[in-house]
Student: 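Before we start, here is the structure in question, set down as structure tokens.
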Amino acid sequence: MSYILPTLSSKSEIDRVIRETEDRVVVLRFGRANDPGCLQQDHVLAKSFEELRKMAAVWTVEVDSVPEYGRYFDISLIPATIFFFNAHHMKVDYGTPDHTKWIGAFANKQDFIDLVEVIYRGAMRGKLIVNCPIDRSRIPQYQLVYKDI
């Protein structure tokens, strides 16, 4: 399904999209096109693409093509979905240790739509962190492992 969604392949393209997209949530899915989890995530994103067109812009990013972002956002589990609004990184309290990104695939299209709507409304009010509207039972749980500490 990633062939339906636009793909960014360099750091400069990602930077341009983050800087130049105004008054819409920028959704970046970092992963690999052949990964089963990424395929499921791309399916959900593609189904939601038209409904969220006025509120969000969605792109896929091959995590191996931009190692700078992989290191910066500590993308060790894929798919990882990161949100921006007017060049600000939007954080979401998912009830997990990491508020900077969504790890794993969304359970369904409505979960993704609800999350983008909450991020959009919060960002329009000037918030940089919002609470996740998704039921905790549908949020992927994981443990953070820090290397070389």
Student: side-chain hydrogen bond (donor to acceptor under 3.5 Å, both in side chains) with Thr81: which of Arg29, Lys101, Gln41?
Tutor: Gln41
Student: Other residues, nucleotides and ligands only: do more than 12 of their heavy atoms fall within 6.0 Å of NZ on Lys109?
Tutor: yes
Student: Please work out which of the three classes, parallel, tilted or perpendicular, describes the rings of Phe73 and Phe30, given edges at 30° and 60°.
Tutor: tilted
Student: Between Ile82 and Ile75, is there a side-chain heavy-atom distance shorter than 4.5 Å?
Tutor: yes
Student: Hey, are the side chains of Trp102 and Val92 touching, using non-hydrogen atoms and a 4.5 Å cut-off?
Tutor: no
Student: State, to 0.1 Å, how close Ile103 and Ala80 come at their nearest heavy-atom pair, and which atoms those are.
Tutor: CD1-CB, 4.1 Å
Student: Please walk me through it: do Tyr69 and Leu28 pass side-chain contact (heavy atoms from CB on, under 4.5 Å)?
Tutor: CA-CA 11 Å; Tyr69 276 102; Leu28 299 177; 5.9 Å; no
Student: Any non-hydrogen side-chain atom of Val44 less than 4.5 Å from a side-chain atom of Asn108?
Tutor: no
Student: Would you say that Tyr120 contacts Leu52 through its side chain, given a criterion of any heavy-atom pair below 4.5 Å between the two side chains?
Tutor: no
Student: Minimum heavy-atom separation for Gln40 to Phe106, with atom names?
Tutor: NE2-O, 3.7 Å
Student: If I compare all heavy atoms of Thr100 with all of Lys91, which pair ends up nearest, and what's the gap?
Tutor: CG2-CE, 4.3 Å
Student: Minimum heavy-atom separation for Pro79 and Cys38, please, with both atom names.
Tutor: CB-SG, 3.7 Å
Student: Determine the minimum heavy-atom distance between Ala57 and Arg24, stating which atoms define it.
Tutor: CB-NH2, 3.7 Å
Student: Spell out, as yes or no, whether a donor-acceptor pair under 3.5 Å connects the side chain of His88 to the backbone of Leu128.
Tutor: no
Student: Determine whether more than 12 heavy atoms belonging to other residues, nucleotides or ligands lie under 6.0 Å from atom CD of Glu20.
Tutor: yes
Student: With a 4.5 Å limit on heavy-atom distance, are the side chains of Ile14 and Lys11 in contact?
Tutor: no
Student: If you look at every heavy atom in Pro133 and Val118, which pair is closest and at what distance?
Tutor: CG-CG2, 3.6 Å
Student: If we check side-chain contact (heavy atoms from CB on, under 4.5 Å) with Cys132, which of these qualifies: Asp114, Asp111, Asp93, Leu115?
Tutor: Leu115
Student: With heavy-atom distances below 4.5 Å as the criterion, would you say the side chains of Tyr94 and Asn131 are in contact?
Tutor: no
Student: Is the shortest heavy-atom distance from the side chain of Glu62 to the side chain of Arg32 under 4.5 Å?
Tutor: yes
Student: Which distance, rounded to the nearest 0.5 Å, do you find between the CD1 of Ile119 and the CZ of Arg121?
Tutor: 12.0 Å
Student: When you check the gap from the basic side-chain N to the acidic O, do Glu50 and Arg53 get nearer than 4.0 Å?
Tutor: yes
Student: Under 4.5 Å between any side-chain heavy atoms of Val116 and Phe83, yes or no?
Tutor: yes
Student: Checking side-chain contact (heavy atoms from CB on, under 4.5 Å) for the pair Met90/Val25: CA distance, chi angles, key distance, verdict?
Tutor: CA-CA 9 Å; Met90 295 299 297; Val25 177; 5.9 Å; no
